[in-house]
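Here is the structure we will look at, set down as structure tokens.
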Amino acid sequence: MKITLICVGKIKEDFYKRAVSEFEKRLSRYCRLEIIEVQDEKTPDHASPAEEEQIKEKEAARILKHLKEDAYIFTLEIEGKQPDSVSFARKINELGVQGKSHIQFVIGGSLGLHQSVSKAADEAVSFSKMTFPHQLMRVILLEQIYRGYRISMGEPYHK
């Protein structure tokens, strides 16, 4: 299985980089992991709704270039489904059983995702109603993917 994360923006803080690196290492025994970072747009203070929409459109164009037709695409959105870890693990496993060999996860920038990206997705998921920094969300997503593989394999992992 190939897992691709398409993320708006780069990770800047070393502690996030170390966490991502740790999960990349852990996941290497379960899947081929690819992380694609697309450039984020600077959002001016007090941006108008029209300016925010333009920013999301520019970021969307960069994201859409990387979406693959043969992949199952998840977007991370506050209004998405909120699975628990077991059902998330089951979904990833089921996709593999159904013959999907590539799953893509999309993490938007500070303003979220443009509707064109949401429409291109097969499913929207949410890890909370709360908003998280996109750098932290990358770590949380990687941890949940790792947890999902451990659950699917019947391997122990802290609860």
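Because the structure is a prediction, the values reported are computed rather than measured.
- Here CG of Asn93 is found 7.5 Å from CE of Met153. Values are rounded to the nearest 0.5 Å.
- Residue-environment remark: NZ (Lys129) exceeds the threshold of 12 foreign heavy atoms within 6.0 Å.
- Side-chain contact annotation: Ser128 with Gln82, donor-acceptor N/O pair under 3.5 Å absent.
- Side chains of Glu79 and Ser126: no donor on one and acceptor on the other come within 3.5 Å.
- Under a hydrophobic clustering in which Ile, Leu, Val, Met, Phe, Trp and Tyr are joined whenever their side-chain heavy atoms come within less than 4.5 Å, directly or via other members, Val97 and Leu95 fall into different clusters.
- Judged by distance alone, with hydrogens and angles left aside, the side-chain atoms of Asp122 form a donor-acceptor pair with the main-chain N or O of Ile73 at under 3.5 Å.
- Both Phe74 and Val20 are part of a single hydrophobic cluster, where members link through side-chain heavy atoms under 4.5 Å apart.
- In this structure, OG1 on Thr131 lies 12.0 Å from CG on Leu136, to the nearest 0.5 angstrom.
- Looking at His114 and Glu53, their side chains come closer than 4.5 Å, going by heavy atoms from C-beta outward.
- Annotation: side chain of Leu33 is in contact with side chain of Leu5 (closest heavy-atom distance under 4.5 Å).
- Here the straight-line distance linking atom CD1 of Ile63 with atom CD1 of Ile6 works out to 7.5 Å at 0.5 Å rounding.
- Nearest heavy-atom pair across His134 and Gly108 is CB-O, 3.6 Å.
- A 4.5 Å side-chain heavy-atom check between Ile151 and Ser85 finds at least one atom pair inside the cut-off.
- Counting only distance, with no hydrogens or angles, the side chain of Arg62 and the backbone of Val38 share no donor-acceptor pair below 3.5 Å.
- Within a 6.0 Å sphere centred on NZ of Lys12, other residues, nucleotides and ligands contribute more than 12 heavy atoms.
- Ring orientation note: the planes of Phe105 and Phe88 are tilted relative to one another, at an angle of 30° to 60°.
- Shortest non-hydrogen contact noted between Ile11 and Glu13 is CG2-O, 3.7 Å.
- One N or O on the side chain of Glu51 and one on the backbone of Ser48 form a donor-acceptor pair closer than 3.5 Å.
- When every heavy atom of Ala124 is checked against every heavy atom of Glu77, the shortest pair comes out as CB-OE2, 3.8 Å.
- Side-chain N/O atoms of Thr4 and His102 include a donor and acceptor closer than 3.5 Å.
- Residues Met137 and Ile145 are members of one and the same hydrophobic cluster, defined by side-chain heavy-atom contacts under 4.5 angstrom among Ile, Leu, Val, Met, Phe, Trp and Tyr.
- Between Leu142 and Phe23, the closest heavy-atom pair is CB-CB, 3.8 Å.
- Within the 4.5 Å cutoff, no side-chain heavy atoms of Ser152 are placed close to those of Ile92.
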Side chain to side chain contact (heavy atoms under 4.5 Å, CB included) between Phe132 and Ile107, intermediate numbers included
CA-CA 11 Å; Phe132 296 104; Ile107 301 173; over 6 Å; no
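- Within the 4.5 Å cutoff, no side-chain heavy atoms of Leu76 are placed close to those of Leu113.
- In terms of heavy-atom proximity, Thr75 sits nearest to Ala121 at CG2-CB, 3.5 Å.
- The CD atom of Glu41 lies 13.0 Å from the CD atom of Glu52; values are rounded to the nearest 0.5 Å.
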Could you walk me through whether Arg138 and Glu37 pass salt bridge (charged side-chain N to carboxylate O under 4.0 Å, His left out), step by step?
CA-CA 11 Å; Arg138 192 180 311 188; Glu37 296 177 330; 2.8 Å; yes
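- Contact of the Ile140 side chain with the Glu143 side chain is not registered, since no non-hydrogen atoms from C-beta on lie closer than 4.5 Å.
- Hydrophobic clustering, with ILVMFWY side chains joined whenever heavy atoms are under 4.5 angstrom apart, keeps Ile35 apart from Val8.
- Ion pairing between a basic and an acidic side chain is recognised when a charged N comes within 4.0 Å of a carboxylate O; Lys91 and Glu94 show no such pairing.
- A salt bridge is absent between Glu155 and Arg147; no separation between the charged side-chain nitrogens and carboxylate oxygens falls under 4.0 Å.
- Looking at Arg150 and Tyr30, their side chains do bring a donor and an acceptor atom within 3.5 Å of each other.
- Atom NZ of Lys56 sits about 10.0 Å away from atom OG of Ser116, to the nearest 0.5 Å.
- Between the CG atom of Leu111 and the CD atom of Glu59 there is a distance of 6.5 Å, given to the nearest 0.5 Å.
- In this structure, Glu69 and Leu67 have side chains that are not in contact, with every pair of non-hydrogen atoms separated by 4.5 Å or more.
- With contacts defined as side-chain heavy-atom distances shorter than 4.5 Å, the pair Lys2/Ile103 does not qualify.
- Considering Lys100, Gln104, Glu123 as possible partners of Tyr72, the one that fulfils the side chain to side chain donor-acceptor pair (under 3.5 Å) test is Glu123.
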List the steps and the verdict of salt bridge (charged side-chain N to carboxylate O under 4.0 Å, His left out) for Arg26 and Glu22.
CA-CA 6 Å; Arg26 290 182 186 191; Glu22 177 63 26; 2.9 Å; yes
